[in-house]
Protein chains: 2
Amino acid sequence: MSPLIRQPLTVELALLGFLREGALHGYEIPRRLSDPAGLGEVWRLKQSHLYALLARLAEEGYLTSTLKAQETRPQRRQYRLTRVGRSTFTEWVQAPVARGRDVRLDFLTKFFFAEREGPQVAERLTTRQRAVCQDWLRQQQRQAEAARATRPFEWKVCQYRIGQIESMLTWLDLCEEAVPAAP
Amino acid sequence: MSPLIRQPLTVELALLGFLREGALHGYEIPRRLSDPAGLGEVWRLKQSHLYALLARLAEEGYLTSTLKAQETRPQRRQYRLTRVGRSTFTEWVQAPVARGRDVRLDFLTKFFFAEREGPQVAERLTTRQRAVCQDWLRQQQRQAEAARATRPFEWKVCQYRIGQIESMLTWLDLCEEAVPAAP
DNA sequence: GATGTATACTCATTGATTGAGTATTGGCAG
DNA sequence: CTGCCAATACTCAATCAATGAGTATACATC
């Protein structure tokens with residue numbers, strides 16, 4: 001239970017999402033994870049990697065693990081969210097992604113769980129992410145303007161990013177329409 | 001000079017691009033790399049990491065290193081492309097990026113060097129990349145269609161990707177316009 | 001009774017990445 | 001003229017993500 005120094009604890013936090021609805025054992029998670037109707041399209045995670053992540057999440061106090069014997073099968077390790085784990089997850093799932101390169105994986109994952117948490121959560125996430133995207137957009141547009149005449153490569157990089165951000169914004173609109181409006 | 005088994009030798013190959021125009025020492029590369037008019041906006045590379053990559057490229061036969069004494073300063077290591085290094089780079093720089101997640105870094109890097117190699121190279125790269133993107137697009141559209149009614153999350157993921165790919169295609173058009181037409 | 005498969009993990013190793021350290025020289029402020 | 005800082009040019013040890021391979025048991029089935 002060190003004071004949680006590890007800054008970037010990004011995607012592994014998402015694993016906590018699978019434990020929201022109750023205790024789980026390690027073997028069950030890849031089953032849910034690989035469902036193509038869910039995150040199976042977005043994530044790939046090797047079994048050994050998963051166990052390593054779970055162990056570290058336990059070490060850092062986000063969840064507890066207890067061994068449960070079964071009559072027939074080999075014993076399994078039950079993972080359960082701690083209070084810290086629960087609140088950290090709730091915070092994580094509503095916080096927008098801060099860097100463009102993380103959208104691909106992180107945002108889609110957040111959105112997946114946010115929808116499961118309820119329409120308010122999903123809407124808050126998309127609203128906040130839209131604000132962040134609009135900041136990015138403004139910043140890239142400024143930079144593109146500055147580079148336009150003198151630095152053609154930098155200008156093209158900016159144009160690329162601007163296109164990606166704009167299409168992300170369009171997509172966010174689509175997502176918000178799809179979420180049933182919060183009361 | 002092992003038979004180059006390492007499959008993914010991705011971005012580090014780009015380092016060879018800096019050696020195309022002549023021998024270099026390790027310290028010079030981060031200077032060129034961090035130029036914001038060039039790849040400085042796209043890449044971040046720590047010094048120690050850079051040296052590690054150079055060492056491995058040398059180990060794998062893409063370049064040779066020799067120590068050069070200087071009158072005053074400490075001696076430096078001169079890196080020079082081998083024939084294998086030269087041809088590997090030429091191939092790499094013209095090959096389209098195969099996975100969407102690599103576009104952000106890899107494609108922009110390729111394009112940077114391709115422009116330096118000449119308009120034919122840049123045009124070949126963009127043409128091929130466009131073909132790959134169109135494949136992705138078709139595949140995602142098929143998948144979106146299949147997921148539409150029954151798997152809403154999967155459908156959204158597809159829509160996200162479709163948007164990104166479409167905006168990439170628009171950007172590729174922009175790039176080709178900017179490249180002076182090959183004779 | 002042999003073979004395969006689902007359950008449920010563990011472990012050793014690789015390999016990317018980083019922070020910190022080292023050594024030398026030139027310039028310049030005091 | 002000396003003390004200190006910045007620039008040059010790397011090296012090294014440690015960390016940590018990620019993977020492949022291995023282990024052990026039970027149930028099914030042929």
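This one's a predicted model, so the numbers in the text were calculated from it and none came from an experiment. Every chain is numbered from 1, with letters handed out A, B, ... down the list of sequences.
- One finds no side-chain N or O of B/His49 lying less than 4.0 angstrom from the OP1 or OP2 phosphate oxygen of C/dA16.
- One interatomic measurement links the two molecules: CD of B/Gln78 to P of D/dT8, which rounds to 16 Å at whole-angstrom precision.
- When rounded to the nearest whole Å, the span between CZ of A/Arg44 and P of D/dT19 equals 12 Å.
- The local environment of CZ in A/Arg128 is crowded, with over 12 non-hydrogen atoms from other residues, nucleotides or ligands closer than 6.0 Å.
- At whole-Å resolution of the value, CZ in B/Arg77 and P in D/dC12 are 10 Å apart.
- For the pair B/Arg86 and B/Phe89, the cation-pi criterion (under 6.0 Å, within 45° of the ring axis) is not fulfilled.
- In this structure, the separation between NZ on A/Lys156 and CZ on B/Phe111 is 4.5 Å, given to the nearest 0.5 Å.
- Residues B/Glu41 and B/Pro36 come closest through the heavy atom pair CG-O, 3.9 Å.
- Rounded to an integer number of Å, the gap from OH of A/Tyr79 to P of C/dA8 is 13 Å.
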Full working for side chain to side chain donor-acceptor pair (under 3.5 Å) between B/Ser167 and A/Gln164: CA-CA 6 Å; B/Ser167 110; A/Gln164 299 287 303; 3.0 Å; yes
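- Comparing D/dC16, C/dG15, D/dA9 against the side chain of A/Arg56 picks out D/dC16 as the nearest.
- D/dA9 atom P lies 13 Å from atom CG of B/Leu50, rounded to whole Å.
- Comparing atom distances between the B/Tyr27 side chain and each of C/dT17, C/dC11, D/dC10 picks out D/dC10 as nearest.
- For the pair A/Thr82 (side chain) and A/Tyr62 (backbone), a donor-acceptor distance under 3.5 Å is present.
- As rounded to whole Å, 5 Å separates atom P of D/dA9 from atom NE2 of B/His25.
- In this structure, the nucleotide among C/dA6, D/dT8, D/dT19 sitting nearest to the side chain of B/Arg76 is D/dT8.
- The cationic atom of A/Arg151 (NZ for Lys, CZ for Arg) does not lie both less than 6.0 Å from the six-membered ring centre of A/Phe153 and within 45° of the ring axis.
- Rounded to whole Å, the distance from CG on B/Leu24 to P on D/dC10 is 11 Å.
- Regarding A/Gln47, its CD atom lies at a distance of 12 Å from the C1' atom of D/dG22, rounded to whole Å.
- DNA chain C is contacted by A/Arg31 of residues 28-43 of chain A, taking any non-hydrogen atom closer than 4.0 Å.
- The side chain of B/Ser48 lies closest to D/dT11 when the candidates are D/dA17, D/dT11, C/dT17.
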